[in-house]
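Notes follow the structure.
Start at 1 with the first residue, then count along the sequence.
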Amino acid sequence: MIRKMIKSAVVGVAMLSAVGSAQAAEVNINIYGASAQYLFWNDAADNFLLARGCTGVVQAEDSTKKHGITKGTCGADTVYIRYSAKASYDGIRAMKCVDPEGLSAGCPNACYRKMANEAATDFGTHVVGSLACKDVTIGASDVEAGAFDQESHGALKGPHGGAWTDRTISNVDDSGLTSYRPLVVPFAFFKNNTVPYTNMTRLMAVHIFSGQVNDWQSFDMSQASQGVTVCLRHAGSGTHATIDAAVMRADGNLLIEENQLSFLGSIKWFNDGSSDMMKCINENEGAVGYADADALKNPATYANTSVMNYQGAAPSKANVVQGVYDFWSAQWLFESPTEPTYAATHPYVTALNTFASNPANLPSTTAAYWATQSEMKVTKANSFAFPTRTMEP
């Protein structure tokens, strides 16, 4: 593995730099992958450092809202916690130093991805100015590696274009990695406000996201005819894998082909990240899609979008915990024991897991939706399993 080959060289350099002085260290915790976890980790990172007694804690974000960084002084160390959103599958791939899509182009090796560049970040204005190659230390996924078995073909960013992307994701390899599952990630269906429905039934979801229904009137003939614009995530998304596993359940096959021509039926777009998905819904009449349940915690960002109930239940933490709402998955964090900086980063990784596992540490903007594993009254053996009750309320 690449990490093993470069580890001895890195250790050697570290030993040389330590000779003659005990200078302050720089610790980089680079979390990369699931876009549904972006808001959570950027919201929780400063609280985590403050809880450890760190000082001078400050955060910044880039204009795309896909790259964030938190900085703190922890004793003699300067600690950076970065989170960059892509999709779940590539969080695992980065930990395995696999990059068939060339996302690490220009970087030292396939263990790296483009993340917030601290040297080009203005922490005074909280703006990340550019990205730089960073070694990924935690791969974030919304599902286990075995849940990926999806396909998609379309523009990278749906209505906003981007390169044509063909993805068939399966057999994602997580062998040799250490995993943590501190939290449960709830998802929800979102609609453009031109859509007259407030509830999504499972039957509606299966018909829409398999392409069997092209007009909202099909569900209620008293409504005016209105074409369905279907916004989907590209294959490799943990959110996309979860709708396949928890909602479709093999009763319908997820759409795999983009369709921009309304006269051929409903318009169908694929989107690479959660923010792309929400833009797709927000900007298109008759649009519907799915994302992390707290995607609207800043409602003004997507003023034309509303969250829908699913099977008559709101995507609230209470409903997820009690098993009333079952569109959710377990959060996965992956770490490599062969990471070159493992000795420095592993204590922070385990501490982050412990911090996130405590219900009291859920950020206020997330606590209404997300739950820790310890709070759950139901569990899933895997993403495809039906929830079963584990304890009495």
**OP:** For the pair Asp90 and Arg113, evaluate salt bridge (Lys or Arg N to Asp or Glu O under 4.0 Å) and give the outcome as yes or no after the intermediate values.
**Re:** CA-CA 10 Å; Asp90 203 49; Arg113 296 294 188 270; 2.8 Å; yes
Original post:
What pair of heavy atoms forms the shortest contact from Ser357 to Pro182, and how long is it?
Top reply: OG-CB, 3.3 Å
Subject >> Joint cluster assignment, Trp41 & Val57, ILVMFWY side-chain distance < 4.5 Å >> reply: yes
Original post:
Where do Gly162 and Ala155 come nearest, in terms of heavy atoms and distance?
Top reply: O-CB, 4.0 Å
Original post:
Are the aromatic rings of Trp370 and Phe40 close, with centres under 6.0 Å apart?
Top reply: yes
Original post:
Does any N or O in the side chain of Arg389 come within less than 3.5 Å of the main-chain N or O of Gln322, such that one atom is a donor and the other an acceptor?
Top reply: yes
Original post:
Tell me, do Val288 and Ile281 make a side-chain contact under 4.5 Å, heavy atoms counted?
Top reply: no
Subject >> Cluster check Tyr325, Tyr197: I/L/V/M/F/W/Y, side chain < 4.5 angstrom >> reply: yes
Original post:
Between the side chain of Ser152 and the main-chain N/O of Ala235, is any donor-acceptor distance below 3.5 Å?
Top reply: yes
Subject >> Residue pair Pro337 / Gly176: nearest heavy atoms and the distance that separates them >> reply: CD-O, 3.3 Å
Subject >> Any Lys96 side-chain heavy atom under 4.5 Å of Asp173 side chain >> reply: yes
Original post:
Which heavy atom in Trp328 sits nearest to a heavy atom in Thr242, and how many Å separate them?
Top reply: O-CG2, 3.8 Å
**OP:** For the residue pair Thr390 and Met376, establish whether any side-chain heavy-atom pair is separated by less than 4.5 Å.
**Re:** no
Original post:
How about Ser329 and Asp142: does a side-chain donor come under 3.5 Å of a side-chain acceptor?
Top reply: no
Original post:
Can you check whether Asn319's main-chain N or O pairs, donor with acceptor, with Ser316's side chain at less than 3.5 Å?
Top reply: yes
Original post:
For the atom pair NZ (Lys114) and OG (Ser130), what is the distance rounded to the nearest 0.5 Å?
Top reply: 10.5 Å
Subject >> CG on Asn28 to CZ on Arg82, rounded to 0.5 Å >> reply: 4.5 Å
Subject >> Ser237 side-chain N/O to His234 backbone N/O, donor-acceptor pair under 3.5 Å >> reply: no
Subject >> Exceeds 12 heavy-atom contacts within 6.0 angstrom, atom CG of Asn171 >> reply: no
Subject >> Heavy-atom donor-acceptor pair, Glu375 side chain to Pro359 backbone, under 3.5 Å >> reply: no
Subject >> Minimal non-hydrogen separation, Asp135 against Tyr112, with atom names >> reply: N-CD2, 3.3 Å
Original post:
Got Arg202 and His207 here, is their nearest side-chain heavy-atom distance under 4.5 Å?
Top reply: no
**OP:** Taking atom types as modelled, find out whether Gln59 and Thr70 have a side-chain donor-acceptor pair closer than 3.5 angstrom.
**Re:** yes
**OP:** Establish, from distance only, whether the side-chain atoms of Asn42 and Glu61 form a donor-acceptor pair under 3.5 Å.
**Re:** no
Original post:
To the nearest 0.5 Å, what is the distance between OG (Ser88) and OH (Tyr32)?
Top reply: 11.0 Å
**OP:** Count the heavy atoms of every other residue, nucleotide or ligand shown that sit under 6.0 Å from CD of Glu285, and state whether that count exceeds 12.
**Re:** no
Subject >> Between His153 and Glu258: side-chain donor-acceptor atoms closer than 3.5 Å >> reply: no
Subject >> Same apolar cluster (I L V M F W Y, side chains within < 4.5 Å links), Ile92/Phe384 >> reply: no
**OP:** Consider only side-chain heavy atoms of I, L, V, M, F, W and Y, link residues closer than 4.5 Å, and tell whether Phe48 and Leu50 are in one cluster.
**Re:** yes
**OP:** Please lay out, stage by stage, how Glu26 and Lys71 fare under the test salt bridge (Lys or Arg N to Asp or Glu O under 4.0 Å).
**Re:** CA-CA 10 Å; Glu26 182 179 294; Lys71 175 185 178 182; over 6 Å; no
Original post:
So, Asn382 side chain and Ala385 main chain: donor-acceptor pair closer than 3.5 Å or not?
Top reply: yes
**OP:** Examine Val185 and Tyr369 and state if one hydrophobic cluster contains both, with Ile, Leu, Val, Met, Phe, Trp and Tyr joined whenever side-chain heavy atoms are less than 4.5 Å apart.
**Re:** yes
**OP:** Side-chain contact test, heavy atoms from C-beta onward, threshold under 4.5 Å: evaluate it for Thr388 versus Val378 and give yes or no.
**Re:** no
Subject >> Test side chain to side chain donor-acceptor pair (under 3.5 Å) applied to Ser170 and Asp149, step by step >> reply: CA-CA 4 Å; Ser170 63; Asp149 189 16; 4.6 Å; no
**OP:** Give a yes or no on whether the backbone of Val79 and the side-chain of Asp77 come within a donor-acceptor separation of less than 3.5 Å.
**Re:** no
Original post:
With a 3.5 Å cut-off and no angle check, do the side chains of Ser218 and Asp215 form a donor-acceptor pair?
Top reply: no
Subject >> Pair Tyr89, Glu101: side-chain N/O donor-acceptor within cut-off below 3.5 Å >> reply: yes
Subject >> Close side-chain approach of Phe219 and Val213, heavy atoms under 4.5 Å >> reply: yes
Subject >> SB check Glu144 Lys380 (cutoff 4.0 Å) >> reply: no
Original post:
Side-chain contact, heavy-atom cut-off 4.5 Å: Gln311 with Asn199?
Top reply: no
Original post:
With distance as the sole criterion, is a donor-acceptor pair present between the side chains of Thr365 and Asp294 under 3.5 Å?
Top reply: no
Subject >> Validation row, ring centre Tyr180 to ring centre Trp332 under 6.0 Å >> reply: no
Original post:
Hey, are Arg249 and Asp244 close enough for a salt bridge, meaning a charged N less than 4.0 Å from a carboxylate O?
Top reply: no
**OP:** Please check if the distance between the ring centroids of Phe327 and Phe187 is under 6.0 Å.
**Re:** yes
Original post:
Under the 3.5 angstrom rule, does the side chain of Trp216 hit a backbone N or O of Pro196 as a donor-acceptor pair?
Top reply: no
Original post:
If every non-hydrogen atom of Met277 is compared with every non-hydrogen atom of Cys231, which pair is closest and at what distance?
Top reply: CE-O, 3.3 Å
Subject >> Asp272/Lys157 salt bridge by N-O under 4.0 Å criterion >> reply: no
Subject >> Phe209 vs Phe189, ring-ring contact (aromatic ring centres under 6.0 Å, His included): CA-CA, chis, key distance, verdict >> reply: CA-CA 11 Å; Phe209 294 101; Phe189 293 101; 5.8 Å; yes
**OP:** Measure from the side-chain N and O atoms of Asn271 to the backbone N and O of Leu232, and report whether any donor-acceptor pair falls under 3.5 Å.
**Re:** yes
Subject >> Any side-chain donor near an acceptor of the partner, Glu339 and Ser336, under 3.5 Å >> reply: no
**OP:** Mark yes or no for whether Thr121, through its side chain, and Phe123, through its backbone, hold a donor-acceptor pair below 3.5 Å.
**Re:** no
Original post:
Given side chains that start at C-beta, do those of Gln331 and Arg181 come closer than 4.5 Å, heavy atoms only?
Top reply: no
**OP:** Tell me yes or no: between the side chains of Lys86 and Ser84, is some donor less than 3.5 Å from an acceptor?
**Re:** no
Original post:
Given the rule in the side chain to side chain donor-acceptor pair (under 3.5 Å) test, do Thr229 and Asn284 qualify, once you have shown the distances and angles that lead to the verdict?
Top reply: CA-CA 7 Å; Thr229 295; Asn284 292 278; 5.4 Å; no
**OP:** Say whether Tyr38 and His67, considering side chains only, have a donor N or O and an acceptor N or O under 3.5 Å apart.
**Re:** no
**OP:** Tell me, please, whether Phe355 has Arg52 positioned over its six-membered ring: NZ or CZ under 6.0 Å from the ring centre and within 45 degrees of its axis?
**Re:** no
**OP:** Evaluate side chain to side chain donor-acceptor pair (under 3.5 Å) for Thr137 paired with Asn30, printing each intermediate quantity in order.
**Re:** CA-CA 5 Å; Thr137 50; Asn30 299 322; 4.9 Å; no
**OP:** Ignoring hydrogens and angles, state whether a donor on the side chain of Asn253 or Ser210 is under 3.5 Å from an acceptor on the partner side chain.
**Re:** no
Subject >> Name of the residue among Arg233, Lys65, Lys66 meeting salt bridge (charged side-chain N to carboxylate O under 4.0 Å, His left out) with Asp276 >> reply: Lys66
